[in-house]
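To start, the structure itself, in structure tokens.
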Amino acid sequence: MRVIKHYRIHTGTFAWILHRLSGLGLIFYLLVHIWVISHLSGGEGSFDGIMNFFANPFARLLEVGLVGVILYHLFNGLRITLVDMGVMVEKQKTLYAAAVVVWLASWIAVGAVMISRMGSPLHG
Amino acid sequence: MKFRETTTSGGALPWLLQRISGVYLAVILLIHVINLHVLIGGELTYAAIAERVATPLWKTINISFLIVALFHGLYGLWIVLDDYIHKGWMRILIYGGIAAIALMFGIYGTLTMITFQYGG
Amino acid sequence: MAKFKFRINRFDPDRKDRGHYMQEYELEVPKGYTVLDCLNDIKWKIDGTLTYRRSCRSGICGSCAMTINGVNNLACESQVYALGGDTINVEPLRGYPVIKDLVISLDPLVKGLLAVKPFMITRTPPPSDQERLQSPEDRDKLEGLYECILCGSCTSSCPSFWADKEYIGPHAFLKAYRFVADSRDESPREHLAALDDKHGVWRCHTIFNCVEACPKSLNPTKAISELKKEIVRQKLG
């Protein structure tokens, strides 16, 4: 019979795994972002060229996802900082629930604005 | 069983910096997003952002954002890899790789910002 | 009485070729039985080769810590009927070398503990006519710190320990803070010395598995956050 190798995923484990995954994704984005912005050096044509490359619905949707990843890492990071300061260590699950609520609320708000702008002629 | 030797290899300072930089990034990100997507708004074309990016204030903010984000991200990456990579030569290789990326992108991004000029 | 299925991780050091495997036992379990009671029933009535540590059977000695349905706990404090489900998986504490079946080597636990010098360090001689005294307020600061029974549940549940076998571990951090917070201890720095290290408190990623696992409902993560603050305070002068 196969040996079980599973430890129950508690709230904190879940938060931690998501924090690591979101962080890894954001490093990749940061490096791409630095490369994209470096096109400023090439002048108007170069910069607008690369920006146009990302001005499609697929990239815009990815951007909405990116905002979600950033906001998760941000609010969970603040939670970790608070816990490290000794704030709400005994109420860590409540604190995480609060972080998740703020994360989802802010993501929905920002995401809604982004999606509503997507249809406007300004965004190709 | 012997007492473990007490070391002073530390870790306190980077740990603290990781938290401070995280909070700094949260604030600056808010400014960044409000500036680009609320104050400027619309499509982020060269014409729309160039004037602002060329001012010394925004150059300073952007460069600090760049350096702090690179530190926070790449030190964070090191913390993750540090947990799972134990072979000495692999650690040196990865540590070196991360340092190289930090240096490369740090210098590249800073140069982009410093040299940028907008004739108007 | 209801029937329960126990799936128990077996390992025989004399039959290493068989490696680790799960063995199933079916058992009629009276209400009120703990997992330890069931292990005793299995050992005494079904299979005498089953090996595990136990001693006090009342949550004081810390011998029977094991992974029950994927969570570390004392077998003697796990009510079978409260676990939910009729199959119960029992494994040795993970992260430690397994000696036999559910018996693990506690060497890593002790090694981590010794790193923090788990005893009161004093410089001044004690009063000649009495013990070292402590005010009731100072004594209260040790609540939630001194109760640890060193069962190993917390450290064995910690992903940082799974990743780094040299990690000092939450059990030792809790013990360290128990002395750092003690008004009678005259050298907190000596307890902290080993903690400002890559195998020390900085590898704690506030995952809270230790808090979830502790059968005494202690909070190692809280102690760790106090230790982190204390070390940073000392570093900054």
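So you know, we letter chains A, B, ... as the sequences are listed, proteins then strands, and number each from 1.
- Residues passing the ring pair (Phe, Tyr, Trp, His ring centres under 6.0 Å) test with C/Phe208, sequence neighbours excluded: none.
- Around atom CD of C/Gln234, more than 12 heavy atoms belonging to other residues, nucleotides or ligands sit under 6.0 Å away.
- By the neighbour-count criterion of 12 heavy atoms within 6.0 Å, atom CZ of B/Arg52 is densely surrounded, having more than that number from other residues, nucleotides or ligands.
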Full working for side chain to side chain contact (heavy atoms under 4.5 Å, CB included) between C/Val201 and B/Trp15
CA-CA 10 Å; C/Val201 283; B/Trp15 175 84; over 6 Å; no
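- Looking at C/Leu236, the atoms closer than 4.5 Å to chain B (heavy atoms on both sides) all sit in the side chain, from C-beta outward.
- By the 6.0 Å contact criterion, CD on C/Glu131 is open, its count of non-hydrogen atoms from other residues, nucleotides or ligands being 12 or less.
- Listed in order of number, the residues of residues 73-92 of chain B that approach chain C to under 4.5 Å between heavy atoms are B/Ile79, B/Asp82, B/Asp83, B/Tyr84, B/His86, B/Arg91.
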